[in-house]
4 protein chains.
Amino acid sequence: MRGYKKPTVSIIGASGYSGAELTGLVLGHPSVKLEKLYAFSQAGKRVADIYPAIGSDIVYERYEGGCESDICFLALPHGEALSLVPPLVSDGRLVIDLSGDFRLKNTEEHLKFYGGKKSPEHVMPYALPELFHETVRESKAVSNPGCYATSIILGLAPLVKSPLARLENVACTAISGISGAGRTGKTELSFSEMSGNVRAYKVGAHQHTPEIMQALDTDTLNPAFGFTFTPMIAPLVRGIYTVLNVRFEEHLSVSQIRGHFREFYRSAPFVRVRDTMPEVRHVAHTNYCDVHVAAASEDGSAVIVTAIDNLVKGAAGQAVQNMNIMLGYDETLGLL
Amino acid sequence: MRGYKKPTVSIIGASGYSGAELTGLVLGHPSVKLEKLYAFSQAGKRVADIYPAIGSDIVYERYEGGCESDICFLALPHGEALSLVPPLVSDGRLVIDLSGDFRLKNTEEHLKFYGGKKSPEHVMPYALPELFHETVRESKAVSNPGCYATSIILGLAPLVKSPLARLENVACTAISGISGAGRTGKTELSFSEMSGNVRAYKVGAHQHTPEIMQALDTDTLNPAFGFTFTPMIAPLVRGIYTVLNVRFEEHLSVSQIRGHFREFYRSAPFVRVRDTMPEVRHVAHTNYCDVHVAAASEDGSAVIVTAIDNLVKGAAGQAVQNMNIMLGYDETLGLL
Amino acid sequence: MRGYKKPTVSIIGASGYSGAELTGLVLGHPSVKLEKLYAFSQAGKRVADIYPAIGSDIVYERYEGGCESDICFLALPHGEALSLVPPLVSDGRLVIDLSGDFRLKNTEEHLKFYGGKKSPEHVMPYALPELFHETVRESKAVSNPGCYATSIILGLAPLVKSPLARLENVACTAISGISGAGRTGKTELSFSEMSGNVRAYKVGAHQHTPEIMQALDTDTLNPAFGFTFTPMIAPLVRGIYTVLNVRFEEHLSVSQIRGHFREFYRSAPFVRVRDTMPEVRHVAHTNYCDVHVAAASEDGSAVIVTAIDNLVKGAAGQAVQNMNIMLGYDETLGLL
Amino acid sequence: MRGYKKPTVSIIGASGYSGAELTGLVLGHPSVKLEKLYAFSQAGKRVADIYPAIGSDIVYERYEGGCESDICFLALPHGEALSLVPPLVSDGRLVIDLSGDFRLKNTEEHLKFYGGKKSPEHVMPYALPELFHETVRESKAVSNPGCYATSIILGLAPLVKSPLARLENVACTAISGISGAGRTGKTELSFSEMSGNVRAYKVGAHQHTPEIMQALDTDTLNPAFGFTFTPMIAPLVRGIYTVLNVRFEEHLSVSQIRGHFREFYRSAPFVRVRDTMPEVRHVAHTNYCDVHVAAASEDGSAVIVTAIDNLVKGAAGQAVQNMNIMLGYDETLGLL
C-alpha cells in the first residue's frame with residue numbers, strides 16, 4: 001500500500017459525466033477518501049445540485065492549480081490537462097488523466113487529431129491494465145484510455161499480441177451512447193433530434209484510431225495491416241457496442257479463437273469472454289468488458305463483438321481500476 | 001394503365017406492422033382503391049381499434065382464400081404465403097408478396113434459412129425497382145425485397161453491377177429498428193429490456209444473406225468475394241442504418257465512387273446519393289434510401305453508409321412503388 | 001373559395017419544428033401552393049439540408065418584411081410576431097399566427113406571462129375551430145391556439161360551454177413531448193439528460209393558463225372555479241397527454257358525461273370521443289384529438305383524458321385546419 | 001443485532017425485476033450474506049445468464065417450500081405468497097414479502113382488487129418505515145409497500161398524519177416506468193408500442209388505492225375526503241413520478257407546507273424535501289424519495305410532487321431498508 005493510511009483523492013473537472021461517475025465510485029470506495037472536487041463552470045454548486053442521485057453535499061471548488069491529495073484524477077476536455085499535470089507530478093501526486101492529452105507518443109499525430117500545443121515530453125504510460133498491468137503498477141502518473149479505444153483494443157489484443165494467424169485487416173463499427181459526447185447542450189444531441197435516430201460520424205478520422213494503433217503496436221505485426229473505424233451514436237445514454245470484422249490470412253474456427261481469448265484474459269477480472277452475444281444492458285453501470293467471438297468463416301473472416309459502459313470501463317471505472325493497481329490494492333476494489 | 005378504371009386493392013395479413021403501413025399508404029394513394037383487409041388473429045376488429053392513427057373504420061376479415069381485387073398484397077409471416085399465392089396468380093390478380101417465400105431461386109438455400117416446404121416453382125421476380133425496373137413492369141406477380149437486403153443491395157449494386165474495381169470483400173453491419181421484429185410480445189423486445197440496449201444477432205447467419213448474393217449475382221463478379229453480415233437491434237422503432245466496409249483491389253477516391261453512385265442512380269427517384277452523412281430520422285416515414293460514400297483510403301478500403309425506413313422502403317413503401325410500376329403509373333405516386 | 005385560383009402560401013419562421021411540420025403539410029395540401037419559406041438563422045439553406053425527410057429543395061430566405069402570398073403563416077418565437085403581423089394584415093393577406101403574441105385580450109396578463117411590448121390592439125380571434133368555427137370562417141387574421149391549451153380546452157369545453165353540472169374545480173396534469181421546447185440545444189433537453197427522465201415545470205405558472213381561462217370564459221360560469229395546471233416533459237418527441245381531474249357539485253355518470261361529449265363534438269371531424277383510453281401513439285402525426293371519460297365517482301369527481309400531437313393538432317395541423325376554414329375549404333383538406 | 005453472526009438471506013422469486021434488484025443489493029450489503037436464490041421458470045440458470053450486469057454465478061433453485069436462511073424475502077406475483085409465508089413465519093424466519101398479498105386488512109377489499117383466496121389472518125404489518133418505523137422494528141414478518149403507494153403516501157402523510165388544515169380532496173396522477181409491469185413479453189409493453197407513447201390505465205381502479213387509504217387512515221381525518229388516482233406508463237424503464245393535487249379547506253403558503261414536510265421527515269434518511277423540482281433521473285438507482293411543494297394558491301389548492309425509483313424505494317431498496325430496521329442495523333446500511 002506504499003505506506004499510505006487511507007489515501008486521499010481529488011478530482012479536477014468533477015462536474016462532467018466522467019467526473020460525476022468518478023465521484024460516485026470514489027465515494028463508494030472502501031479504501032480511499034474523497035477530499036476535494038474541482039470544477040470550472042459549476043464551481044460553488046454542491047454535487048447534489050447537479051447530480052442529486054449521488055447525494056453528496058461536497059461543494060465544487062474553482063480549480064486554481066495544485067492539489068493536496070495523494071491521488072489526483074483529471075477529467076477535463078481534451079487540451080486542458082496539458083499544463084495542469086506536470087506540476088502535480090513534480091509535487092509527487094499519483095496522477096490519472098482521463099483526457100487524450102498524454103496518450104499519444106507521436107506528437108505530430110496528436111496535433112493532427114487534437115490540435116493544441118502538445119510537445120514530445122507530454123506523454124504518460126497508457127493505462128489499459130489488461131495489457132500494461134506492470135507499467136501501471138510501477139507508474140506514478142498515467143493516461144487513462146479512451147472509451148472507443150478500450151472496447152476495440154480489448155477485442156483485438158489477443159489476435160495482435162499473440163497472433164494465431166496473420167491479421168490482414170480489421171473493419172470496425174462501434175455504437176456509442178450519447179453521454180460520450182459529454183454534458184453539453186447541442187441541438188444535434190437533443191432528445192428531439194436523437195430519439196429514433198442513428199448517425200455515423202468522423203468515419204476513418206476519429207482521434208482514437210492512432211491510440212488504438214499505438215496500443216496494439218500493429219506495425220510490428222503486419223506492415224500492410226488495414227484498419228477502418230466507423231463510430232456511430234444511437235439513442236442510448238451509456239455504452240459502447242463494438243463489432244470487429246477481422247480478416248486472417250487463414251481460416252480459424254470460432255472455438256480456436258474463443259479458446260485463445262479465454263487464455264489471453266484468464267487473469268483479467270473485468271474481461272468476460274462469453275459464449276453468448278454481448279448486450280449493452282449486460283455491462284451498463286459495471287466495469288466489465290464482455291467479449292464474444294460471434295462468427296468465423298472459411299474465407300478467414302471472423303466477427304468479434306465487445307460491449308462496455310463508456311462511463312465506467314471506458315472512463316471512470318477504468319481510472320479507479322488503475323488507481324487500485326497503482327496503490328497496490330486488489331484491482332477490483334470498489335468496482336464489483 | 002392496363003385499362004383499369006381505379007384498380008382495387010386487398011391486403012392479406014393487414015394487421016401486422018408492414019400491413020398497417022401498407023394500409024395507410026394505399027388509403028392515401030390517389031389512383032387505387034382499398035377494398036378489403038384480411039387478417040387472422042385480429043379478424044373482426046376495425047383498423048382504428050388497433051391502429052387509431054390510421055383512423056379507418058374498415059373491418060379486418062378472416063382470410064378464407066381467394067381475392068376479388070385487382071391487386072393483392074400479402075404481408076404474412078414467412079412460410080404462410082407459399083400456398084396462398086399460386087391460386088391468386090391463376091386468378092389473374094396482380095400479386096405483391098412481402099414475405100421471403102418466393103425470393104430465393106435456390107430451394108436448398110431457402111430451406112436452410114427458412115425451413116418449411118418450398119419447392120422449385122415457388123419463385124417470383126425479385127422486385128427491387130432500382131435494379132430490376134423492367135422485370136417488375138412486365139410481371140404480374142413479384143417478390144418484395146427484405147428490409148436489410150434493400151439497404152445493403154442499394155449500397156453495393158453500383159460497385160457490383162458496373163464495377164469500378166475488383167471487389168475483394170465486404171463487411172457489413174446494420175442496425176435495425178425494433179419494429180423489424182414484428183408486432184409481437186417477446187420479453188427480449190420489451191421496452192424494459194431494449195431501452196438503453198444494443199444487441200447483435202444471427203451474425204453470419206441471417207436469411208437475407210443469400211437474397212443479397214442472389215440480387216448482386218456476385219459469383220459472376222469474383223469467385224473469392226467474401227461477405228460478412230452482422231445485424232443488430234438498437235432502441236429505435238423504425239429504420240435500418242447500414243455500414244458497408246468495402247475492400248477493392250485498388251485505391252479509389254471518395255469522389256470517384258460518389259460520382260459513380262450518382263451516375264448509377266441518376267434515374268432512381270427514391271435513392272439519394274448525399275454529400276453528408278445519412279441519419280435514420282432523415283428517412284423515417286419516407287420511401288427514400290439515403291446513400292453516402294463516407295471514406296476511402298489508400299489500402300483500397302472504403303465505407304458506404306445507407307439509411308432507409310424498414311417499414312417503408314424496406315417493406316410497404318417499396319411494395320407500393322412496385323405496384324405503381326406494374327400498373328404503369330409514375331413510380332412515386334402516393335409516396336412523396 | 002373566395003375567388004382564389006390556387007392560393008399561395010408563405011411561412012415566416014419556417015425552420016423550427018412547427019414551421020417544418022407546416023412546410024410538410026402545405027407541400028402535401030391539394031389546394032394551396034407553397035411559395036416562400038422565410039427563416040432567420042437558417043436563411044440560405046435548403047429545406048432538405050435541415051429536414052431531409054421533407055425532401056424539398058426550397059431555399060429558406062431571410063425575412064425582410066412583407067409577403068406576396070395569399071396566406072401567411074407565422075411560426076416564430078413568442079414576441080417576434082407582434083410587429084410583423086399588422087403590416088401583413090393591412091396588405092390584405094390571410095394571416096395565421098402560431099405564437100402567443102395575439103392570443104390574450106388582457107394586456108396585463110399577457111405582459112405578466114410573456115413580457116415584451118404588447119399593446120391592447122395586439123389581439124386576434126382565437127382560432128380553436130371546434131369552439132369558434134364561425135369566427136375563424138369570417139376572419140382574415142387569427143391566432144392559432146397553444147399546444148397544451150388545445151388539449152385542455154377540448155377536454156373541458158363541453159363541461160363549461162354547456163354545463164351538465166356546476167364545475168367546482170379542475171386539477172390538470174399534462175405530459176408534453178420534448179419537441180414542444182423547440183429546436184434548441186439546451187443541456188437539460190439533451191438525450192443524455194432526458195432519457196429515462198420525467199420533470200414537471202412552471203407548476204401553476206404556465207403561460208397557457210390565461211389562454212385556457214379566456215377560451216373557456218370560466219368567469220361567467222363559476223366565480224369560485226379553481227384551475228390547477230402542472231405541465232411535465234417525458235422522454236418522447238411528440239404528443240401531449242392530458243389528465244383532467246374534474247370536480248362537479250353533483251355526481252354524474254361516465255355514460256352521461258360521455259354522451260354529452262359525443263353530442264358536443266358531433267360535427268367536429270378531428271375530435272374523437274373514444275370508449276377506450278387514448279394513447280399518444282394513436283394521435284402521433286395526425287390532427288386528431290382523442291378524448292375519453294375515464295372515470296366518475298359518487299363524490300362528483302371525474303377524470304377526462306385527452307391526447308394530441310403537439311406539432312399537428314397543437315400547432316401546424318390546426319393552423320392548416322384554420323386556413324381551410326378561412327378559405328371556405330373542407331376543414332379536413334390535406335389533413336387526413 | 002438480535003444475536004445473529006452475519007445473518008443469511010434467501011430470496012424466493014429472485015428472477016423477476018424486483019428479485020434481481022434485491023439480489024444486487026443483498027450481494028453488496030456489508031452485513032448480511034446471500035445464501036439462496038429461488039425461482040420458478042428460471043430455475044437451473046445462473047444469475048449471470050439472465051442478469052449479467054449482476055455478475056453472480058449463483059444458480060436459481062426451484063422453490064420447493066421452506067427456507068434455511070435467517071431472512072426470507074418473497075418477490076412473487078400477487079397471490080403466490082399467501083400460502084408460502086405462514087410456514088416461514090412459524091419456522092421463525094424474518095420474512096419480508098414484496099407482494100400485495102398481506103397488505104390489506106380488509107379482506108373484502110383485497111378480494112375486490114386482487115381476487116384469489118385471502119382470508120382475514122393473511123395480514124402483516126405495513127412496512128413503510130417513514131411512518132411505521134417502530135412496528136417494523138418489532139416485527140418478524142412484514143409486508144413491503146407497493147411502488148405507487150410509497151410515492152403517494154410519502155407525499156401526503158405529513159398533511160394527513162399531522163394536518164395543517166382540513167384536507168378536502170386529492171387528485172393524483174402518477175407516471176410509472178415500464179419495469180413496473182414486470183419482466184414480461186406483452187405486445188403493449190414492447191419497445192415498438194411504448195416508444196413515443198404515454199398511456200393511462202386502471203383510472204380510479206388501481207389496487208394500490210385501498211393500500212394508500214389504509215396507510216393514511218384517512219377516515220379518521222375527514223369522512224368526505226375524496227381521492228382520485230390516475231396511473232400512467234411512459235417510455236422510461238425505472239421511476240415513479242407523482243403529482244398530488246391537494247385541496248385544503250383554507251389557504252396555506254408554500255413555505256408553511258414545505259416547513260411542515262421538513263419537520264415531519266427530519267429523521268427520515270431517504271426522504272429529501274427539496275426546494276427544486278424532483279426529476280426521475282435524480283432518484284433512479286437510489287433509495288431516495290424526493291418531495292417538493294411545487295405550488296399553493298389562494299383557493300386552498302396545492303401541488304406536491306414526489307419521485308422514486310419503483311424498483312428501489314418502491315420495492316427492493318425499501319425491503320432492504322426494512323431488513324436493516326428488523327435486524328437493528330442502521331437503516332441506510334448497504335443503501336447509500
Side-chain angles (χ1 to χ4, degrees), chain A residues 15-21 24 39-42 45 49-54 60 75 77 147 175-201 232-240 280-281 284-285 309-312 314-316, chain C residues 15-21 24 39-42 45 49-54 60 75 77 147 175-201 232-240 280-281 284-285 309-312 314-316:
Chain A
S15 67
Y17 289 145
S18 295
E21 195 76 16
F40 295 84
S41 56
Q42 307 295 339
K45 295 189 185 152
D49 295 335
I50 310 175
Y51 298 103
I54 298 178
Y60 294 113
C147 48
I175 301 164
S176 173
I178 295 168
S179 63
R183 187 168 181 277
T184 168
K186 299 202 184 110
T187 300
E188 69 264 29
L189 299 176
S190 70
F191 190 92
S192 297
E193 303 280 307
M194 277 311 301
S195 177
N197 197 25
V198 176
R199 181 176 78 239
Y201 65 102
M232 296 182 267
I233 53 173
L236 53 157
V237 177
R238 290 167 169 262
I240 290 186
V280 167
R281 68 190 172 99
H285 298 281
D309 183 320
N310 60 310
L311 294 177
V312 188
Chain C
S15 67
Y17 290 145
S18 296
E21 195 77 17
F40 294 84
S41 56
Q42 306 295 338
K45 294 188 186 152
D49 296 334
I50 311 174
Y51 298 103
I54 296 177
Y60 295 112
C147 49
I175 301 163
S176 173
I178 294 168
S179 64
R183 186 168 181 278
T184 169
K186 300 202 184 110
T187 300
E188 68 264 30
L189 299 176
S190 70
F191 190 92
S192 297
E193 303 280 305
M194 278 310 301
S195 178
N197 197 24
V198 176
R199 181 176 77 238
Y201 64 103
M232 296 182 267
I233 53 172
L236 54 157
V237 176
R238 289 165 170 264
I240 291 186
V280 167
R281 68 189 172 101
H285 298 281
D309 183 320
N310 60 310
L311 294 177
V312 188

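Lettering follows sequence order; numbering is per chain, from 1. Only heavy atoms go into these numbers, but all of them, side chains included; no hydrogens, no water, no symmetry mates.
At a 4.5 Å heavy-atom cutoff, the contact between A/Ser195 and chain C is made by backbone and side-chain atoms alike. Both the backbone and the side chain of C/Ile178 come within less than 4.5 Å of a heavy atom in chain A.
At a threshold of 4.5 Å between non-hydrogen side-chain atoms, the residues A/Tyr17 and C/Ser192 count as touching.
The greatest number of non-hydrogen atom pairs below 4.5 Å with chain C, out of A/Met194, A/Glu193, A/Arg238, is found for A/Glu193. Counting heavy-atom pairs under 4.5 Å between each of C/Gly177, C/Pro235, C/Ala181, C/Ser179 and chain A puts C/Pro235 at the top.
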Would you check, one step at a time, whether the test side chain to side chain contact (heavy atoms under 4.5 Å, CB included) holds for A/Phe191 with C/Leu189?
CA-CA 6 Å; A/Phe191 190 92; C/Leu189 299 176; 6.0 Å; no
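Summarising the geometry of A/Thr184 relative to C/Thr187, their closest heavy-atom pair is C-OG1, 3.7 Å, with the distance given to 0.1 Å.
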